[in-house]
Amino acid sequence: MGIKIINDKCVGCQICTKVCPFGAITMVNKKAVIDLDKCTLCSACVDSCKFFAIEFKKDTKKTEYIEQYKGVWVFGEQKKGIIQPVVFELLGKGRELADKLNTKLSCVLLGHNIKSKTQELIYRGADNVYVVDTPETEHFLDDTYTKVFVSLIRKYRPEIILCGATTIGRALMARVAVRIHAGLTADCTHLDIDTKEKILLQTRPAFGGNIMATIVTRNHRPQMSTVRHKVMKERDVDNSRKGEVIEEKFDAQSLSSRTKLLDIVEEVSATINIAEADIIVSGGRGMKGPENFAMLEELAKVLGGAVGSSRAAVDSGWMPYSHQVGQTGKTVCPKIYIACGISGQIQHLVGMQSSKTIIAINQDPHAPIFNVATYGMVGDLFTIVPLLTKKFKESRK
Ligand code: FAD
């Protein structure tokens with residue numbers, strides 16, 4: 001894959017410089033020059049050039065034996081032997097994708113003394129679990145996990161791999177994708193199957209969240225996606241499900257690592273983590289100032305919830321970043337999300353729209369938040385929020 005300007009054909013019209021979304025093209029001596037560090041090979045400039053002065057060669061080489069890649073995999077991330085909740089969410093989505101493809105759903109579990117956890121993965125939707133149970137895989141180590149995962153991919157050839165967009169998942173999948181020359185779509189918010197082509201449709205926000213892009217990987221396998229925690233719904237436990245546990249063995253060389261884990265230091269947080277809260281009362285620019293967030297804290301306290309915020313409130317210095325919900329903040333999926341004075345821009349919505357019940361309080365009846373709200377209250381939040389707090393307090397007596 002490559003792109004270059006054919007100088008003899010370039011007339012210096014500058015259309016390509018305006019079309020390039022990444023500012024990667026400049027004019028030098030009346031000829032276009034592409035900065036390859038900025039260029040993402042999106043090819044917008046190629047289509048815009050009326051003089052055919054931009055040569056773009058696509059890599060059409062396919063993964064060898066592409067038709068042999070079958071099955072959907074989920075990476076069974078564990079920490080201290082506890083399966084991370086994002087895995088159950090991915091098993092739910094993975095089951096749906098596998099059923100559409102009429103194929104198997106597998107979970108790959110690396111850890112130590114971990115075999116007892118395999119049944120739970122089957123109850124959550126996996127048809128089989130590949131388990132690597134050794135002291136060397138007890139904790140995540142970049143190179144050991146990568147070597148093991150890549151070997152399993154080469155052995156079993158899955159067509160799709162899903163992984164949580166966690167710190168571990170991001171580190172692992174990037175390394176795996178490079179080793180096996182596969183594409184990787186990070187931070188997907190929606191996954192589906194193109195029933196005609198039988199390929200994965202990977203949707204994620206692009207261009208600062210202004211559009212939702214659906215990405216397909218036609219020529220390479222596996223098709224790899226990471227998905228943030230709380231974006232997809234967990235699958236219910238079905239204790240009647242049966243599946244197979246396949247234990248995989250590796251030699252010392254494959255399990256070796258250049259790094260050694262010395263210690264794991266847990267982050268201590270004084271406030272409720274909004275990503276884990278069942279009820280979130282969130283405030284935006286409509287709160288008008290930091291002092292008014294006390295009103296939301298009171299409501300959250302009565303309901304046993306946590307306080308969230310939009311980026312506008314964080315950027316104004318009214319709330320700490322750890323409370324920000326949205327594309328560049330946390331993705332949350334509480335039972336109840338109460339949005340107070342939040343307009344509902346796409347970057348906020350991608351972080352909370354899968355909440356079970358959304359209650360929006362906004363004085364503007366046309367605010368986009370009402371498009372996703374289960375219940376909407378049009379009015380002044382400074383009147384409505386204290387009334388709600390009072391009512392909930394009374395109902396507790
Ligand atoms: P506004 O859009 O200003 O809305 C304020 C709302 O309050 C209005 O609808 C108004 O009607 C209402 N209001 C005012 N007074 C009252 C009152 N008295 N009673 C009731 N309602 C009232 N945003 C996020 O939230 N999270 C992100 O992670 C995030 N990431 C981003 C990433 C990128 C790359 C970009 C470009 C933007 C991102 N944004 C994010 C910003 C996003 O685009 C919006 O600017 C932001 O969400 C707006 O916050 P808001 O709804 O609080 O403010």
Side-chain angles (χ1 to χ4, degrees), residues 21-23 38 40 42 165-166 170 185-190 203-213 226-231 273-275 277 280-300 305-334 337-355 358-391:
F22 303 98
K38 288 186 184 166
T40 64
C42 74
T166 58
R170 285 168 202 244
T185 309
D187 277 344
C188 293
T189 53
H190 186 73
T203 304
R204 56 152 295 151
F207 295 108
N210 290 318
I211 60 160
M212 299 301 281
T226 63
V227 178
R228 284 204 208 179
H229 179 29
K230 301 274 185 184
V231 172
N273 179 357
I274 54 166
I280 296 175
V281 183
S282 221
R285 208 193 311 267
M287 295 306 298
K288 310 258 193 288
E291 64 286 357
N292 296 326
F293 272 81
M295 190 195 294
L296 301 189
E297 269 153 29
E298 209 186 335
L299 177 56
V307 176
S309 88
S310 73
R311 179 164 157 178
V314 171
D315 286 351
S316 305
W318 302 346
M319 284 297 278
Y321 170 69
S322 57
H323 292 252
Q324 184 181 316
V325 174
Q327 188 194 327
T328 42
K330 289 197 171 116
T331 304
V332 296
C333 184
Y337 188 88
I338 308 177
C340 310
I342 294 177
S343 58
Q345 299 306 313
I346 181 73
Q347 297 89 351
H348 188 80
L349 299 186
V350 293
M352 45 64 75
Q353 63 191 357
S354 51
S355 305
I358 298 171
I359 301 167
I361 306 170
N362 200 304
Q363 65 189 13
D364 173 8
H366 305 294
I369 191 79
F370 289 125
N371 297 335
V372 298
T374 326
Y375 303 103
M377 297 185 209
V378 179
D380 183 2
L381 71 91
F382 293 98
T383 312
I384 297 169
V385 173
L387 282 175
L388 285 176
T389 310
K390 189 165 166 261
K391 207 73 187 155

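Counting starts at 1 for both ligands and their atoms, following the listed order.
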Student: Quick one: side chain to side chain contact (heavy atoms under 4.5 Å, CB included) partners of Tyr375, sequence neighbours excluded?
Tutor: Thr357, Ile359
Student: Hey, could you give me the SG/CZ distance between Cys188 and Arg228, rounded to the nearest 0.5 Å?
Tutor: 11.5 Å
Student: Can you tell which of Val378, Leu381, Asn362, Asp364 gets a heavy atom nearest to atom 9 (O) of ligand 1?
Tutor: Asn362
Student: To the nearest 0.5 Å, how far apart are CZ in Arg285 and CD1 in Ile342?
Tutor: 11.0 Å
Student: What's the spacing between Asn371 CG and Leu349 CG if we round to 0.5 Å?
Tutor: 8.5 Å
Student: Which bit of Gln347 is near ligand 1, meaning a heavy atom under 4.0 Å away: side chain, backbone, both or neither?
Tutor: both
Student: Out of Gln324, His348, His366, who is nearest to atom 27 (C) of ligand 1 when you count heavy atoms only?
Tutor: Gln324
Student: Using a 4.0 Å cut-off to any heavy atom of Gly284, which atoms of ligand 1 qualify?
Tutor: 52 (O)
Student: Below the 3.5 angstrom mark, is there an N/O of Ser310, backbone or side chain, next to an N/O of ligand 1?
Tutor: yes
Student: Scan residues 380-389 for pairs that pass salt bridge (charged side-chain N to carboxylate O under 4.0 Å, His left out), counting only residues two or more places apart or in two chains.
Tutor: none
Student: Can you find an N or O of Gln363 that's nearer than 3.5 Å to an N or O of ligand 1?
Tutor: yes
Student: Which atoms of ligand 1 sit under 4.0 Å from any heavy atom of Phe382?
Tutor: 18 (N)
Student: Can you tell me if Gly379 has a non-hydrogen atom under 4.0 Å from ligand 1?
Tutor: yes
Student: Identify, by atom number and element, the atoms of ligand 1 in contact range of Gln345, meaning under 4.0 Å from any of its heavy atoms.
Tutor: 42 (C), 43 (O), 44 (C)
Student: As an exercise, identify every atom of ligand 1 less than 4.0 angstrom from a heavy atom of Gly341.
Tutor: 5 (C), 6 (C), 7 (O), 12 (C), 21 (N), 52 (O)
Student: Under the 3.5 angstrom rule, does the side chain of His348 hit a backbone N or O of Ser343 as a donor-acceptor pair?
Tutor: no
Student: Have a look at ligand 1 and work out which part of Val325, if any, has a heavy atom under 4.0 Å from it: side chain, backbone, both or neither.
Tutor: backbone
Student: With side chains defined as the heavy atoms from C-beta onward, is the minimum distance between Pro386 and Met295 less than 4.5 Å?
Tutor: yes
Student: Could you go through Gln324 and Ile274, starting from their C-alpha distance and side-chain angles, then the distance that decides it, and tell me whether this counts as side-chain contact (heavy atoms from CB on, under 4.5 Å)?
Tutor: CA-CA 9 Å; Gln324 184 181 316; Ile274 54 166; over 6 Å; no
Student: I want to confirm something. Looking only at heavy atoms, which of Val385, Asp380, Ile361 is nearest to atom 18 (N) of ligand 1?
Tutor: Asp380
Student: Rounded to the nearest 0.5 Å, what separates atom NZ in Lys288 from atom CZ in Phe293?
Tutor: 11.5 Å
Student: May I ask you to list the atoms of ligand 1 that are less than 4.0 angstrom from any heavy atom of Lys288?
Tutor: 14 (C), 15 (N), 16 (C), 18 (N)
Student: Heavy-atom contacts with Gln327 under 4.0 Å: which atoms of ligand 1 show up? List them by number with element.
Tutor: 27 (C), 28 (O)
Student: Checking the N or O distance criterion of under 3.5 Å, is ligand 1 in contact with Ala313?
Tutor: no
Student: Counting heavy atoms only, which of Gly326, Ser343, Ala367 is nearest atom 51 (O) of ligand 1?
Tutor: Ser343
Student: Considering all heavy atoms of both residues, which atom of Met287 and which atom of Asn292 are nearest to each other, and what is their separation?
Tutor: O-ND2, 2.7 Å
Student: For a 4.5 angstrom cut-off between non-hydrogen side-chain atoms, does Val372 reach Tyr337?
Tutor: no
Student: Of all the atoms in ligand 1, which lie at a distance below 4.0 Å from a heavy atom belonging to Gly329?
Tutor: 28 (O)
Student: Which option out of Gly286, Ser309, Ser316, Pro205 puts a heavy atom nearest to atom 14 (C) of ligand 1?
Tutor: Gly286
